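Notes follow once the structure below has been shown.
Only a predicted model underlies this, so the values are computations on that prediction, with no experimental measurement involved.
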Amino acid sequence: MLVSWNTTNQCNMFCDHCYRDAGAKFDDELTTAEAKKLIDEIKKAGFKIMIFSGGESLMRPDIYELGSYACRQGLRAVLGTNGTLITPEVARNLKQAGFMAAGVSLDSLVPQKNNDFRKLDNAYALTIQGMLNLKEAGVPFQIHTTVMDWNVAELEELTDFAVQIGAIAHHVFFLVPTGRGANIEEEALRVVEYEKTLARLMEKQKHVPIEIKPTCAPQFIRVADKKGITIRFSRGCLAGISYCIISPKGDVQPCAYMDMQLGNVRDMPFDKIWAENPILKELRSAQYGGKCGICDYQERCGGCRARANYYNGSIMAEDSWCLYQPRQEV
């Protein structure tokens, strides 16, 4: 079980696809004391991994204190970052605080393409240096890529780069149009290209020593099975089942791409929201509509609930981006 907390809305970038529409810091973000209370409640709810993300998580002054506190509570603390602020000193501080790993965003090996998407001059060079600084400090890191129509041809090359620079994994994120991402929905891959891309990624997995993980693409479970690839993941979509996200202000959502507030940790303890919220219970019921409801991969894939909600108007609808025809008829 893993939970992602957007520690702050503040960010030094203005990325085209940002689900949080990050940039400026909110006035009412959780305080240090409130964050520690949240960490206690996350532990109580049974979570094992806590992702400290953003915005840009390193722009939160107490990030080391909170990461260290999470570790002392028995959680595995990991960092989600754009990597541009990771100086050698920052990397050493992360290591000392107990952060076990970092996910670093990189969307193209063409510097100008990456910089344009991230809206920061020199983002590419700063991100690469940040990865090297993490490596030197002994903090394992993985590369996160958001796949779009303009960078889809680079994915295998990005995986090769991840191996070369010493990353432990390459996670490829498929756009669900929320936040600023709704403005570039037309750049997202369409159904046939989506299926082909999953097949390419799983084929690449056969030839590299690091993990390739499509994210917001639960059908990769089926594709991996078809190719005879053994993966450590037992389920595709985790939203509301073994994953959720918490905003800088304390609002709980089923996942980053479902813009629905289930409650606020200032009003109700997180562990109580996680156990009792009716939307989360519905997601756990697996009572899906359409072909997702009768699919032989229902339990292992589950379809993307955020995509079902965006395109079909219900978190329990079928994921219409899936080309697979179940063995039964709807």
Side-chain angles (χ1 to χ4, degrees), residues 1-6 17-21 42 45-47 51 53 146 173-183 185 188-191 194-195 198 213-222 233-247 249-265 267-268 270-326 328 330:
M1 292 174 62
L2 69 160
V3 61
S4 179
W5 173 40
N6 295 145
H17 65 300
C18 182
Y19 65 82
R20 190 56 73 191
D21 196 13
I42 286 171
F47 285 82
I51 305 167
S53 62
T146 297
F173 289 72
F174 287 76
L175 181 73
V176 179
T178 53
R180 287 199 294 271
N183 299 325
E185 191 270 342
L189 302 185
R190 292 299 179 228
V191 179
Y194 169 71
E195 185 79 12
L198 291 180
K213 165 65 164 59
T215 300
C216 299
Q219 291 81 12
F220 88 94
I221 298 277
R222 166 178 52 80
F233 304 99
S234 59
R235 183 175 173 86
C237 183
L238 306 178
I241 298 171
S242 58
Y243 169 81
C244 72
I245 192 166
I246 303 160
S247 80
K249 299 179 180 181
D251 292 319
V252 179
Q253 299 174 216
C255 84
Y257 304 107
M258 288 190 211
D259 189 15
M260 53 183 68
Q261 283 68 51
L262 310 178
N264 188 283
V265 300
D267 303 324
M268 179 184 293
F270 170 79
D271 53 297
K272 189 172 183 180
I273 295 173
W274 179 253
E276 299 179 5
N277 183 267
I279 293 176
L280 295 179
K281 288 182 177 180
E282 185 177 17
L283 286 166
R284 293 164 193 162
S285 75
Q287 298 298 307
Y288 306 129
K291 65 181 182 181
C292 284
I294 50 92
C295 183
D296 38 313
Y297 278 93
Q298 180 192 100
E299 292 184 2
R300 297 186 59 220
C301 169
C304 177
R305 297 299 96 213
R307 193 174 291 120
N309 189 56
Y310 181 84
Y311 289 104
N312 295 319
S314 168
I315 60 172
M316 303 306 286
E318 71 174 43
D319 181 354
S320 53
W321 274 39
C322 182
L323 284 179
Y324 183 65
Q325 292 303 314
Q328 305 177 56
V330 176

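- The CG atom of Leu175 sits 8.5 Å away from atom CZ of Arg307, with the distance rounded to the nearest 0.5 Å.
- Applying the side-chain contact (heavy atoms from CB on, under 4.5 Å) rule to Cys292 yields the partners Tyr288, Arg305, Glu318, Asp319; only residues at least two apart in sequence or on another chain are considered.
- At a threshold of 4.5 Å between non-hydrogen side-chain atoms, the residues Tyr243 and Cys237 do not count as touching.
- Distance CD1/Ile241 to OG/Ser285: 9.0 Å, rounded to 0.5 Å.
- Relative orientation of the Phe270 and Phe47 rings is tilted, given thresholds of 30° and 60° on the angle between their planes.
- In this structure, the side chains of Cys304 and Val176 come closer than 4.5 Å at one or more pairs of heavy atoms.
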- Message: Please evaluate residues Met316 and Leu283 with respect to the criterion side-chain contact (heavy atoms from CB on, under 4.5 Å), reporting the C-alpha separation (whole Å), side-chain torsions for both, the decisive distance (0.1 Å), and the verdict.
- Response: CA-CA 7 Å; Met316 303 306 286; Leu283 286 166; 4.1 Å; yes
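- The salt bridge (charged side-chain N to carboxylate O under 4.0 Å, His left out) pairs that include a residue from residues 234-244 number zero, where partners must be two or more places apart or lie in different chains.
- Here the straight-line distance linking atom CD1 of Ile221 with atom OG of Ser234 works out to 7.0 Å at 0.5 Å rounding.
- At least one donor-acceptor pair closer than 3.5 Å links the side chain of Gln253 to the backbone N or O of Cys255.
- Using modelled atom types, no side-chain atom of Asn312 and backbone atom of Ala317 make a donor-acceptor pair closer than 3.5 Å.
- Remark: Trp274 CH2 to Ile246 CD1 distance equals 10.0 Å, nearest 0.5 Å.
- Residues Val252 and Met268 fail the side-chain proximity criterion, which asks for heavy atoms closer than 4.5 Å.
- For the atom pair Asn6 CG and Lys249 NZ, the distance stands at 12.5 Å (nearest 0.5 Å).
- Without hydrogens or angle criteria, Lys291 side chain to Tyr324 main chain gives a donor-acceptor distance under 3.5 Å.
- For Leu198 against Ala217, the heavy-atom pair with the smallest separation is CD2-CB, 3.7 Å.
- Considering Trp321, Tyr257, Tyr194 as possible partners of Phe174, the one that fulfils the ring pair (Phe, Tyr, Trp, His ring centres under 6.0 Å) test is Tyr194.
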- Could you go step by step and tell me if Met258 and Ile279 meet the side-chain contact (heavy atoms from CB on, under 4.5 Å) rule? CA-CA 11 Å; Met258 288 190 211; Ile279 293 176; over 6 Å; no
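- From Cys244, atom SG reaches atom CD1 of Ile273 across 8.5 Å, with rounding to the nearest 0.5 Å.
- Side-chain atoms of Arg284 come within 3.5 Å of backbone N or O of Gly240 as a donor-acceptor pair.
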